[in-house]
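One structure is given below, encoded as C-alpha cells.
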Amino acid sequence: MMRVYNTLQGKKEELVPLSTGKIGMYACGVTVYDLCHIGHARSAIVFDVIRRYLAFKGFEVKYIRNFTDIDDKIINRAKQEGISWDAVAGKYTEEYYRDMDRLGVERADIEPKATEHIPEIIDIVKGLVDQGYAYAVDGDVYFEVRKFADYGKLSKRDVEDMLAGARVEVDERKRNPMDFALWKASKEGEPSWDSPWGPGRPGWHIECTAMSIKHLGESFDIHGGGADLIFPHHENELAQSEAYTGKPFVKYWIHNGFITIDKEKMSKSLGNFFTIREILDKFDPEVVRFFLLSTHYRSPIEFSDESLREAEASLDRYYTTITRIEDFFKEGKDQPKPSAEEKSLEETLAAFMGKFKEAMDDDFNTAMALGHIFDLIREANRFLDTKPSGPKAKDLIVKTRDLLRRAGSILNIFNKLPDVWNDALMQTKKIPYTKADILEKIRQRQEARQKKDWSAADTVRKELEAQGIILEDKKDGTTWKVRINRQG
RNA sequence: GGCGGCGUACCCAAGUGGCUAAGGGAGAGGUCUGCAAAACCUUUAUGCAGCGGUUCAAAUCCGCUCGCCGCCUCCA
C-alpha cells in the first residue's frame with residue numbers, strides 16, 4: 001500500500017488511482033523567460049522520481065509537464081533582449097532541456113505549451129462565462145470567486161478572511177478583489193490571439209486547466225508543483241476546473257518544499273538564487289540529484305557548498321564500494337569460504353528491496369531509502385573485508401551490485417561506472433594533471449618503492465595529494481583517485 | 001492580522017505511540033598498511049527547543065512558552 005501526502009486533505013492518504021493500474025499525473029513546469037535555478041531542479045527531480053517509482057510499482061503512468069510560454073515576464077524579457085516573445089520562450093525552453101537532461105530528469109510523456117492550446121482555453125473560458133462563473137470586462141475575462149462555493153479548500157483559506165487582510169490592489173472593474181483573470185486583453189504591440197472578447201492572451205492559471213483536461217481528462221490522479229503554487233495558482237486552477245466540469249478535478253495534490261539560503265526561501269525576487277548551471281560547474285549532476293533526494297521532498301532544504309560536498313562524499317562511498325566489488329571479481333578465487341558475514345549479507349540482501357519499497361511507499365521517503373542503501377553498502381564492505389571466495393560469495397556480491405543498481409535506477413543515481421565517476425571528479429575539481437601525468441608519477445614512485453626509498457616514494461604521494469589525487473596501494477599495483485574534500 | 005510548517009548528536013538528516021532514536025559527514029581511539037588511502041570495529045543524543053498534561057507506554061498525541069520559516073503579490 002502506498003501512502004502520499006495530499007495537500008487537499010492535509011494528511012497522508014492511501015494512493016488509490018481513479019482507474020486501477022493507471023495514474024494520470026500533471027506537474028507544473030516552468031515559465032520559460034530565464035535560466036532555471038536549483039529550486040526548479042528540486043521540483044523537476046522530485047516529480048521525476050515520483051513518476052519513476054510509480055512506474056516501478058507497475059502503474060501505467062501518463063505524465064504531463066507543461067511549459068508556460070506566454071506571460072508578462074516573457075514579454076518583458078523580450079523587450080529587454082530586443083527579440084520576439086516566442087524567441088525568448090524558444091531559447092529558454094532549450095536551456096531548460098539542457099539543464100534537466102544533465103540532471104537526469106526524464107522527458108514527460110507530453111510536454112504541452114500554453115500557446116498550443118489557445119482554442120481549448122477559449123472554449124473553457126467561454127463555458128465558464130456561459131455558466132455564470134465568469135464575466136467579461138473591457139476585453140478581460142475574470143473568474144468570479146464568490147460563485148465557487150469551495151474556493152479556498154486547497155490552500156485552506158476563507159474568502160472573507162482574505163478580503164479582510166487583502167494586500168492585493170483593488171481593480172474597480174472586478175466584482176471582487178479576489179477574482180482572477182482567465183483571459184487578458186492585450187495592449188498595443190503585445191502578442192495576442194483572437195477571442196470572443198477581442199484580441200488577448202490567456203491568464204496564467206487557465207492553461208493548466210486546459211492542458212491537463214485535454215491530456216488527462218476532467219478528473220485525474222496527481223497534480224504537483226512547488227509549495228508556492230498552492231496559492232493562488234492551484235487554488236484558482238482547481239476552482240475554474242471544477243466549476244467548468246462539475247467534477248472533482250484532482251485526487252491527490254502533491255507539493256514539494258523550498259530550497260533555502262540562510263534559512264530564507266530561494267527566490268528570484270530576493271536575488272538569493274543559484275542557477276543550475278553555476279552549480280553544475282562545481283559539482284557533478286549526480287551530486288546535485290543525490291543532495292536533493294537526501295531530504296524528504298516536503299521539507300525545506302538549506303542549500304550550501306558544504307551540503308553538496310557531503311552528498312559528493314556519500315556518492316563516492318558508493319563508487320568506492322563498486323570498485324571493491326570489481327576488484328573482487330578480478331581475483332576470481334573459487335575456494336568456498338563460509339562465514340558469519342556471508343550469512344549476514346545474505347539476510348541483508350533478502351530484506352533490502354522490501355525495506356526500500358517500504359520507505360518509498362510511505363510518501364516517497366527517499367531519505368530513508370538512501371539510508372537502507374547505505375546499510376547494504378556497509379554490509380557488503382564488511383563481507384568484502386573477510387576476503388571472501390567461492391561461487392556463493394560471488395553470487396552474493398553480484399546480487400549486491402544488482403540491487404544497488406536497481407534501487408539507484410529508480411532514483412536515477414548510481415548509474416555510472418566508477419571510472420566515469422572519477423573522470424567527472426577530475427573535471428569538477430579541476431585537477432591540474434592528465435591521467436598520463438598521474439600514471440607517470442605512479443611509475444616513478446613504484447621505482448622508488450622497489451628500492452625501498454620510502455622518502456622518495458612519499459614525496460610523490462604528497463605531491464599528488466596536494467593536487468587532490470590519492471594513491472592506493474593494492475596487491476597488484478597502485479591505483480589512484482580524486483580525493484573528496486569532505487569539508488571546507 | 002489570518003492560515004500552515006519546522007525546532008532530533010559537532011553538522012546534515014530519517015523516525016510521528018511501544019524492541020538498543022536510521023543513514024551520511026566530521027571528531028577520537030583501534031584493526032589493516034613500509035607510510036598512506038579505502039574498508040571495518042569502538043566511540044560521540046539515558047535523550048529528541050522548554051514547561052506542563054493525556055497514556056501502562058510519547059521525540060511521536062494535547063496545551064502553553066520560546067525561536068525560526070513559509071503562504072496570504074509573480075514565484076518550483
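Numbered from 1 within each chain, the chains take letters A, B, ... in sequence-line order.
- Under a cutoff of 6.0 Å and an axis angle of 45°, A:K268 and A:Y33 form a cation-pi pair.
- Considering CG of A:N381 and CZ of A:R317, their distance stands at 6.0 Å, rounded to 0.5 Å.
- The residue A:K452 sits apart from the nucleic acid: no heavy atom pair falls under 4.0 Å.
- With B:rG34, B:rA37, B:rG70 as the candidates, the nucleotide lying closest to the side chain of A:E264 is B:rG70.
- Residue side chain A:D458 reaches the base of B:rG34 through a donor-acceptor N/O pair under 3.5 Å, judged by distance alone.
- Within 6.0 Å of NZ in A:K416 there are more than 12 heavy atoms belonging to other residues, nucleotides or ligands.
- Residue-level contact check: A:L229 touches the backbone only, with heavy atoms under 4.0 Å from sugar-phosphate atoms and none from bases.
- For A:R449 against B:rG34, a side-chain-to-base donor-acceptor contact under 3.5 Å is present.
- In this model, the phosphate group of B:rA38 is not approached by any side-chain N or O of A:N381 to a distance below 4.0 Å at OP1 or OP2.
- To the nearest angstrom, C1' of B:rA38 lies 13 Å from CD of A:E465.
- Of the P atoms belonging to B:rU46 and B:rU20, the separation is 16 Å, rounded to the nearest Å.
- Closest to the A:R157 side chain, of the nucleotides B:rG2, B:rA76, B:rA13, is B:rG2.
- Separating the C1' atom of B:rG23 from that of B:rU44 is a span of 16 Å, rounded to the nearest Å.
- Backbone-only engagement by A:T295 is indicated by non-hydrogen atom pairs under 4.0 Å involving sugar-phosphate atoms exclusively.
- With both pairing distances under 3.5 Å, B:rA58 is matched to nothing as a Watson-Crick or G-U wobble pair.
- At the heavy-atom level, A:D71 lies nowhere under 4.0 Å from the strands shown.
- Rounded to the nearest Å, the gap between the C1' atom of B:rA9 and that of B:rG52 is 26 Å.
- Counting non-hydrogen atoms of neighbouring residues, nucleotides and ligands closer than 6.0 angstrom, the NZ atom of A:K343 reaches no more than 12 such neighbours.
- Contact annotation: A:R317 side-chain N/O to B:rG24 OP1/OP2 distance is under 4.0 Å.
- Candidate nucleotides B:rG34, B:rA76, B:rC71 were compared by shortest atom distance to the side chain of A:V30, and B:rA76 ranks first.
- One finds no side-chain N or O of A:K263 lying less than 4.0 angstrom from the OP1 or OP2 phosphate oxygen of B:rC6.
- Residue A:H296 is in sugar-phosphate contact alone, with no base atom involved, counting any heavy-atom pair closer than 4.0 Å across all strands shown.
- Look at B:rG47: it lacks any Watson-Crick or wobble partner with both distances under 3.5 angstrom.
- For the OP1/OP2 pair of B:rA14 and a distance below 4.0 Å, the side-chain nitrogens and oxygens of A:S299 include at least one atom meeting the criterion.
- For A:S43, the side-chain atoms get nearest to B:rA76 when compared with the rest of B:rA76, B:rC11, B:rG34.
- If you check every strand for non-hydrogen atoms under 4.0 Å, A:G10 touches nothing.
- Within the nucleic acid shown, A:G39 comes within 4.0 Å of at least one base atom, counting heavy atoms only.
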Pair A:K12-A:D362, salt bridge (charged side-chain N to carboxylate O under 4.0 Å, His left out): steps then yes or no = CA-CA 9 Å; A:K12 283 188 204 170; A:D362 185 12; 2.9 Å; yes
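- Between A:G257 and A:M368, the residue anchored nearer the 5' end of RNA chain B, judged by the nucleotide with its closest heavy atom, is A:M368.
- B:rU65 sits 13 Å from B:rG1 when the P atoms are compared, rounded to a whole Å.
- Between the side chain of A:R42 and the main chain of A:G257, a donor-acceptor pair closer than 3.5 Å is present.
- Going from atom CG of A:L376 over to atom C1' of B:rC40 covers 16 Å, rounded to whole Å.
- Among the heavy atoms of the strands, none lies under 4.0 Å from A:R298.
- Annotation: B:rA39 and B:rC56 have their P atoms spaced 48 Å apart (nearest Å).
- Here A:R445 does not reach the OP1 or OP2 of B:rG34: none of its side-chain N or O atoms lies under 4.0 Å away.
- Across all strands shown, B:rA21 forms no Watson-Crick or G-U wobble pair with both key distances under 3.5 Å.
- Following rounding to the nearest Å, A:K184 (NZ) and B:rC74 (P) show an atom-to-atom distance of 9 Å.
- Put simply, A:R382 has a side-chain N or O that comes within less than 4.0 Å of OP1 or OP2 on B:rC41.
- A 6.0 Å sphere centred on CD of A:E440 holds more than 12 heavy atoms belonging to other residues, nucleotides or ligands.
- Here A:L384 lies out of heavy-atom contact (under 4.0 Å) with every strand.
- Between the side chain of A:D473 and the base of B:rC35, at least one donor-acceptor pair of N or O atoms lies under 3.5 Å.
- Residue A:R378 places at least one side-chain N or O under 4.0 Å from the OP1 or OP2 atom of B:rG23.
- Here B:rG24 presents its P atom at 19 Å from CG of A:L308, a figure rounded to the nearest Å.
- Pairing for B:rA76 is absent, with no Watson-Crick or G-U wobble pair whose two atom distances lie under 3.5 Å.
- For A:I442 and B:rA36, the CD1 to C1' distance is 13 Å, given to the nearest whole Å.
- Stacking between A:F258 and B:rG70 is absent: the ring centroid is not both under 5.5 Å from the six-membered base ring centre and under 30° in plane angle.
- Taking atom NZ of A:K387 as the reference point, atom C1' of B:rU31 lies 12 Å away to the nearest angstrom.
- The base of B:rA36 sits with one of its N or O atoms less than 3.5 Å from a complementary donor or acceptor on the side chain of A:R461.
- Atom CZ of A:F374 and atom P of B:rC12 are 19 Å apart (whole Å).
- Among B:rA76, B:rA39, B:rA37, the nucleotide with an atom closest to any side-chain atom of A:D228 is B:rA76.
- To the nearest whole angstrom, the two P atoms, one in B:rU16 and one in B:rA21, are 15 Å apart.
- Distance CG (A:D361) to C1' (B:rA14): 16 Å, rounded to an integer number of Å.
- A distance of about 39 Å separates the C1' atoms of B:rG30 and B:rA57, rounded to the whole Å.
- Nucleotide B:rA36 forms a pair with no other nucleotide shown, judged by Watson-Crick or G-U wobble geometry with both contacts under 3.5 Å.
- Across all strands shown, the partner of B:rU42 is B:rA28, judged by Watson-Crick or G-U wobble contacts whose two distances both fall under 3.5 Å.
- Taking the side chain as every heavy atom from C-beta outward, A:D284 and A:L425 never approach each other to under 4.5 Å.
- B:rU16 is unpaired under the criterion used here, namely a Watson-Crick or G-U wobble arrangement in which both key atom distances are under 3.5 Å.
- Straight-line distance between the C1' atoms of B:rA49 and B:rU42: roughly 31 Å, to the nearest whole Å.
- For A:K156, whose side chain is taken as the heavy atoms from C-beta onward, the closest listed nucleotide among B:rG15, B:rC3, B:rA38 is B:rC3.
- Summarising the base pairing, B:rA9 is matched to no nucleotide, lacking a Watson-Crick or G-U wobble pair whose two defining distances lie under 3.5 Å.
- A heavy-atom distance below 4.5 Å is found between the side chains of A:L345 and A:T400.
- Side chain of A:E144 to backbone of A:D179: no donor-acceptor contact under 3.5 angstrom is found.
- A:D375 comes within 4.0 angstrom of sugar-phosphate atoms only, judged by non-hydrogen atoms across all strands, and of no base.
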